[in-house]
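First the structure, in the form of structure tokens, and then the observations on it.
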2 protein chains.
Amino acid sequence: MPTATTKQYTIGDFARAVGLTAPTLRYYEDEGLIEPHRHRNGRRYYEEADINWVKFLLHLKGTGMSISELKQYVTWRAQGDITIPQRLALLQQVKQDFLVQYAEVQRHLQILNDKINWYEEKEAGVTDADESFAAYLDRLGHQE
Amino acid sequence: MPTATTKQYTIGDFARAVGLTAPTLRYYEDEGLIEPHRHRNGRRYYEEADINWVKFLLHLKGTGMSISELKQYVTWRAQGDITIPQRLALLQQVKQDFLVQYAEVQRHLQILNDKINWYEEKEAGVTDADESFAAYLDRLGHQE
DNA sequence: ATATAACTTCAAGTGTACTTTAAGTCAACA
DNA sequence: TGTTGACTTAAAGTACACTTGAAGTTATAT
């Protein structure tokens with residue numbers, strides 16, 4: 001009965017699988033975010049489970065966590081379930097910060113949309129050609 | 001009949017008004033994004049209208065535009081209405097890119113939320129203590 | 001057998017967006 | 001009148017997240 005064998009990825013193949021470059025993976029490793037396995041000859045290899053881990057890290061990164069915050073998270077994780085409260089508190093803080101940014105970004109998008117519409121209406125002659133953008137925002141009730 | 005006089009801001013007061021620092025305003029000026037007025041003695045002053053302009057720039061910046069894209073926009077603006085099509089195309093492209101990022105960021109938030117909930121349920125003993133995060137995501141139908 | 005492609009480490013370089021420093025000028029208040 | 005704080009320019013420095021280069025080793029395909 002053969003041991004269930006997991007697919008082993010070279011750094012190049014793994015990089016393709018997670019959408020990063022090999023140098024970036026080495027950089028993340030230097031920063032303590034990943035710890036790949038090694039062949040006897042010194043070459044790295046990665047397994048299926050490492051893909052989920054990196055993708056999860058990229059999700060956290062995408063919510064605004066810096067490399068050093070990720071490092072803190074990873075350090076706590078390595079210390080076991082005892083650090084779950086710390087990890088939870090960190091992620092809750094990240095979420096709070098994220099939501100603040102998220103709200104701001106929605107206002108940015110609204111102004112961008114308004115400006116695009118203003119230009120489009122100006123081009124189409126729908127809006128009074130001389131109505132300023134400020135007056136236009138005012139008319140829409142989109143202050144600031 | 002006196003000329004309507006507009007409030008004049010020093011760079012420091014203006015910085016406070018728009019939420020930037022004086023050095024950042026000088027930097028933006030170097031980059032061609034702002035063109036403040038000058039007193040005879042060489043000191044800059046800004047007016048009410050400049051506040052709207054900077055705030056608008058910050059909205060665009062907040063949608064992902066780089067300084068150099070803003071510079072291109074500003075350059076076109078200075079050339080008059082003839083460049084409205086270019087400006088419109090640029091902003092539409094910015095919007096497209098923004099919407100792609102926005103969708104990605106929503107997935108990141110979902111995973112962050114899921115992880116927070118997973119930890120909370122684990123701490124509260126609601127979830128089977130041994131259910132992996134991957135299995136948890138699976139159960140919720142939140143793939144990847 | 002040999003070429004070439006991918007891997008290794010370590011250090012230096014890059015891009016973006018500021019921030020800080022240095023050296024000096026000017027304005028406002030006690 | 002002096003001192004404090006804000007202004008001026010130009011250049012150098014910083015933080016972050018990679019990216020690139022150099023010099024060498026190993027694996028794979030012909």
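Each chain gets a letter, A, B and so on, in the order its sequence line appears, and its residues count up from 1. Owing to the predicted nature of the structure, the values given are computational and were not obtained by experimental measurement.
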side-chain N/O [X] vs [N] OP1/OP2, d < 4.0 Å:
X: B:R43; N: D:dT9; answer: no
X: B:N41; N: D:dT8; answer: no
X: B:R44; N: D:dC7; answer: no

B:F56 and B:W53 aromatic ring geometry - parallel, tilted or perpendicular at 30°/60° bounds: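 Judged by the thresholds at 30° and 60°, the geometry between B:W53 and B:F56 is tilted.
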
What pair of heavy atoms forms the shortest contact from B:H108 to A:G62, and how long is it? CD2-CA, 3.4 Å

Which atom names give the shortest non-hydrogen contact between B:I116 and A:L88, and what distance separates them?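 B:I116 and A:L88 have their closest heavy atoms at O-CD1, 3.7 Å.
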
Nearest-nucleotide comparison on DNA chain C, the residue closer to the 5′ end among A:R38 and B:S68: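 The residue whose closest nucleotide sits nearer the 5' end is A:R38.
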
Could you identify which residues of residues 8-26 of chain B place a heavy atom less than 4.0 Å from some atom of DNA chain C, listed by residue number, or say none?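 Residues of residues 8-26 of chain B under 4.0 Å from DNA chain C: B:T21, B:P23, B:T24.
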
Near DNA chain C, under 4.0 Å by heavy atom, which residues of residues 56-67 of chain B? B:K61, B:S66, B:I67

Gap between atoms [atom1] and [atom2], on [X] and [N] respectively (whole Å):
X: B:E29; N: C:dA17; atom1: CD; atom2: P; result: 18 Å
X: A:Y27; N: D:dT20; atom1: OH; atom2: P; result: 15 Å
X: A:L70; N: D:dC16; atom1: CG; atom2: C1'; result: 13 Å
X: B:D30; N: D:dT9; atom1: CG; atom2: C1'; result: 10 Å

Quick check on the hydrophobic clustering: are [X] and [Y] connected, directly or via other members, by side-chain heavy-atom contacts under 4.5 Å?
X: B:Y45; Y: B:I34; result: no
X: A:L109; Y: A:F98; result: yes
X: A:I111; Y: B:I84; result: yes

With side-chain hydrogen bond (donor to acceptor under 3.5 Å, both in side chains) as the test, would you mind laying out the steps for B:Y9 and B:E48 before giving the verdict? CA-CA 8 Å; B:Y9 293 83; B:E48 216 56 48; 3.0 Å; yes

Decide yes or no on side-chain hydrogen bond (donor to acceptor under 3.5 Å, both in side chains) for B:Q93 and B:D97, but give the supporting numbers first. CA-CA 6 Å; B:Q93 184 59 57; B:D97 296 347; 2.9 Å; yes

Between A:Y46 and A:F14, does a ring pair (Phe, Tyr, Trp, His ring centres under 6.0 Å) hold up when you go through it step by step? CA-CA 7 Å; A:Y46 302 78; A:F14 188 74; 4.2 Å; yes

Quick one: CG on A:D114 to CG on A:L140, what's the gap to the nearest 0.5 Å?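 Separation between the atoms: 5.5 Å.
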
Go through residues 90-98 of chain B and report each residue with a non-hydrogen atom lying under 4.0 Å from DNA chain D, sorted by number.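 Per residue number, the list is empty: none.
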
Selection residues 119-139 of chain B - residue pairs positive for salt bridge (Lys or Arg N to Asp or Glu O under 4.0 Å), sequence neighbours left out: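 Qualifying pairs: A:D81-B:K122, B:E131-B:R139.
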
Can you run down the salt bridge (Lys or Arg N to Asp or Glu O under 4.0 Å) pairs that involve residues 56-71 of chain B, sequence neighbours left out, and say none if there aren't any? B:E31-B:K71

Are B:R87 and A:Y119 close enough, and set up right, to give a side-chain hydrogen bond (donor to acceptor under 3.5 Å, both in side chains), and what steps lead you there? CA-CA 9 Å; B:R87 283 183 263 163; A:Y119 275 139; 3.0 Å; yes

Could you tell me whether A:E35 atom CD has more than 12 heavy atoms of other residues or ligands within 6.0 Å of it?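 No, the 6.0 Å shell around CD holds no more than 12 heavy atoms from other groups.
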
Between the protein and nucleotides 13-15 of chain C, list every N/O to N/O distance that falls short of 3.5 Å.
none

Looking at every strand, decide which applies to A:Y28 at a 4.0 Å heavy-atom threshold: base, sugar-phosphate, or nothing. sugar-phosphate

When all nucleic acid strands are considered with a 4.0 Å heavy-atom cut-off, which category describes B:R40: base, sugar-phosphate, or nothing? nothing

